[in-house]
Amino acid sequence: MRRNRSWLSFWVAWVTTTCACAGVDSATEVDAGHDSGLPPADAGPSVPDAPMQDSGWPGAPDAASPGPWEGPHFVQVVTGSYHSCARTDAGQVYCWGDDSQLQLGEGLVHRHTCGAPLRRGPCRPFAAPVPALEGAVEIAAGGGTTCGLREDGSVVCTGQYPRPLPGLPPLVELTMGDGLVCGITADADLVCVDPVWNERILTADRVTDFTATTGHFCYVREGRVFCGGESYFSYGALGGVLDPPCQAWWPYDHCTRGVWVDLPAEAVEVETARSLTCARTVDEEVYCWGWLDEPETPPTHVPELDGPARELVLGLGQACVLRPSGGLECRASERPLPALEQVVSVDLEGGYRRWGPPHGCAVTEDGAVSCWGSNGAGELGHGRWSDRIHDGIERVRLSPAPDWTPRPLPMATEPGWVPYPTLSDECVIERALRPEELGPFTVSTCGVSRCMRFETPAGANVWPLGNTRGASGLGGVTPFILFTDTHRVYGLVSIQTGEVLAAMRSPADYIRERPDGDFDSCIVDNLEVTGTDAVLTLRSGPFPLRVVHAPIDSLRDVSAPTEIGRKGYFGEEVTAGANAFTIFASSGLEIHAHGVIRTFPNVSPEVDIVGSTVFWHDYRGPRLWAALGVGDPVPLLELSDTIVADIGVEPGRLAWTETFDVATADPPPPVELWTAALSSDLMLSDRTSLGVIDASPWGAIVLGDGQVAYVAMNGDLVLRNLTSRSERRLPSQDFRWGRVWYVADGQVVTGGRGSPVARTPIDAMPLISLATDAPP
């Protein structure tokens, strides 16, 4: 019975397709799980790609005899989407391939880069131990995660979900799916948890086999096969029809419904891949459904797979059985697999894959691991990476190939700039030895405000980024970004004096080709500053994202910062508080507090932080959440007819705006301002409406010193006092206000792209009304 499933979450970029869905009329719809009750996924209009069609795959010749295997004695192998792992008979786990999600457990150790320029990322194209998984008696892999089952029944993971999973009871078998870590207990109970929330979202009893892949799952219960999950684009892999179809961006939040599959005999095993499912019966017959020769194929007998077998083995475009003799026999396919004999463990990649054809690996009786297929991220472990399909089988190496070395770190070429410390060989980041040479920027009076103008050298463009209250002893700082023809420069500048306090630079574009024919592969992507700390994100070509955390003094003094992790997705944003910060990407929200990390995937949030308390609401969503650092999220608010437009937080007080769905409204809908007291245990009380305000449905509000500030739709700067409910309003000066950054110490600080940084005293803003129900 195989316990390794390939998967990759639906929030990765999609290729749009369409499909006409039909199915088996005799299937009976049932509910196999429950709604998690956590922030729901936004079902986007894009959909996964159609199953990969078999075309152009070269014939796979037998490998020449490589001689006796002298490495560790492996007994199990698993494949993720771009990485592979194998377990030894001594409980050691070796992994190789992509490491953009730290699925190899490596961090910054390997210093290697794989992939073409637009998908280059950290990798290790040869096998090496993963200490975090040592002692495993079974392993599973998928997407950006590797998990191990230990002898005591506990599960530990590296990669996207790097932590123990206490929500699982002691297990005797382990498997993984899209957003699921599952297992079967000694009592034949199936338990699946969402590894982010650590909540059970799928359970069943008397289960003898379970399988999961991208979007759907199946299990055998008392001889019957049940399949559930995302059905709209499964191409019939559920074996029946869900009416209505179940479609979700994060499948298992809402797609635990399923059907019982109509088979002529009791099943003993079930296995599924991206769009194909097969079951083996007590009569040693194999039935498959889904994308067999065409989509929506009902359960169909596949006689070439009948007979004695150790297990079913499915991959993208492949349906095979592992015979008792150790041979792998497959249904006829345009993509033949290498001839395999004396196999004790085999895995074929079967989940969503963004680039290139799939790969496969096998363990033979001598304990060696051999792989074939795509090697764009070094997932074959042959000691190097290659964009071509490897058309033969070759053993995994325990060291790099002799002709493969990582790229050297380019050195600075201009006076005044030095390589930024501790960054790995893939990055080209330089630190300004004398940041004062970039400034100071001009600070002058603009009307009632004191403004900082960003006057830059000819041909450069500079934007203030803002959204920080500054650092102790610095008089308030803001990050800025400066673009030139060849570089982008990120730095910190004093709001009061215009002095440039720190600066880094990187190549202007991650796809800029260098004279040696390679590509620059790391740029400074984001910089956020809070009381005494700075958080930087550095993008490598464009994968992965590096997250660097450093005290501001160390940025100024060029001390070594701490690289705390890597992510692998587009669209990262950073929000920082006094004792915590968050990273938001297409992968979801990641909270960092006191060296601990917690990830909430499939969340598209607007974030605010007070101290170490993180507040967020889903984009165009009705729910508002909070978490004390990396603690469990607390639902603060759930609306019925409106959505949360934005939030503002200060100690003991919360403000938010509500509006209707802005996607279809023309003209924009009205915006209502609300406030409530917030207790230390994250409970709201005294909810009060302050009426409709003239803020944009897309605009931001900021709460500070008991005042709610925003920029009105006509460009005015507006303050609402939560106690007196008075309103102050200042028309736009000879510049645009941009957006409000913060309210503190009797001042409103504004700025943004194309707008100077302005510090406006509250007392200088005209008082418009003291009435409780003052009109906007």
Side-chain angles (χ1 to χ4, degrees), residues 1-8 71-99 101-106 124 126-165 168 170-178 180-185 191-193 195 209-213 271 310-311 313 315 322 343-351 359-364 367-371 379-381 396 398:
M1 181 182 305
R2 186 161 68 105
R3 291 288 166 240
N4 35 56
R5 319 295 181 193
S6 300
W7 56 277
L8 187 61
H73 192 273
F74 293 104
V75 293
Q76 183 192 2
V77 66
V78 295
T79 59
S81 290
Y82 297 97
H83 79 288
S84 310
C85 296
R87 176 177 59 88
T88 72
D89 53 3
Q92 283 189 308
V93 178
Y94 286 64
C95 293
W96 57 94
D98 175 55
D99 196 28
Q101 297 295 297
L102 302 182
Q103 57 266 55
L104 307 188
E106 278 275 286
R124 185 179 61 228
F126 55 89
V130 180
L133 300 177
E134 189 169 354
V137 296
E138 188 174 14
I139 56 175
T145 305
T146 309
C147 293
L149 174 65
R150 290 183 168 158
E151 192 169 0
D152 62 0
S154 63
V155 176
V156 293
C157 301
T158 63
Q160 190 177 5
Y161 312 119
R163 60 178 184 144
L165 297 174
L168 286 170
L171 304 177
V172 295
E173 295 177 1
L174 172 70
T175 192
M176 293 172 59
D178 184 2
L180 292 176
V181 177
C182 306
I184 299 177
T185 71
V191 180
C192 295
V193 300
D209 194 25
F210 178 82
T211 180
T213 185
E271 177 67 11
R310 295 186 195 175
E311 62 173 322
V313 183
L322 180 60
V343 173
V344 298
S345 176
V346 61
D347 196 15
L348 306 178
E349 183 183 342
H359 73 290
C361 296
V363 178
T364 49
V369 177
S370 301
C371 298
E379 58 265 50
L380 302 190
V396 168
L398 302 179

Spacing of L322 atom CG and D347 atom CG [to the nearest 0.5 Å]: 11.5 Å

Pairwise distance CH2(W96) to SG(C361) - rounded to 0.5 angstrom: 5.5 Å

Side chain proximity check, V396 to C371, heavy atoms < 4.5 angstrom: yes

Step-by-step side-chain contact (heavy atoms from CB on, under 4.5 Å) determination, V181 to V155: CA-CA 9 Å; V181 177; V155 176; 4.3 Å; yes

For T364, side chain to side chain donor-acceptor pair (under 3.5 Å) partners two or more places apart: D366

Student check: side-chain heavy atoms of E349 and S81 closer than 4.5 Å: yes

Closest non-hydrogen atom pair, L104 against R124: CD1-CB, 3.8 Å

Main-chain N/O of D98 paired to Q103 side chain as donor or acceptor, under 3.5 Å: yes

Side chains of P72 and L398 in contact at under 4.5 Å (non-hydrogen atoms): yes

With sequence neighbours excluded, residues passing side-chain contact (heavy atoms from CB on, under 4.5 Å) with A136: R87, V93, I139

Heavy-atom side-chain contact between E151 and V137 under 4.5 Å: yes

Pair V130-Y94, side-chain contact (heavy atoms from CB on, under 4.5 Å): steps then yes or no: CA-CA 6 Å; V130 180; Y94 286 64; over 6 Å; no

Nearest atoms (heavy-atom pairs only) where L149 meets L174: N-CD2, 3.7 Å

Residue pair V369 / A86: nearest heavy atoms and the distance that separates them: CG2-CB, 3.8 Å

Gap separating the OG atom of S84 from the CG atom of L380, nearest 0.5 angstrom: 7.0 Å

Side chain to side chain donor-acceptor pair (under 3.5 Å) assessment of T79 paired with H359: CA-CA 8 Å; T79 59; H359 73 290; 4.8 Å; no

Over all atoms of both residues, closest heavy-atom pair of L133 and C147: CD2-C, 4.3 Å

Sidechain-backbone polar pair: T213 side chain, G350 backbone, donor-acceptor under 3.5 Å: yes

Shortest non-hydrogen contact from T145 toward C157: CG2-CB, 4.1 Å

Minimum heavy-atom distance S345-Q76, with the two atoms named: OG-CA, 3.5 Å

Any donor-acceptor N/O pair, S370 side chain to A362 backbone, under 3.5 Å: no

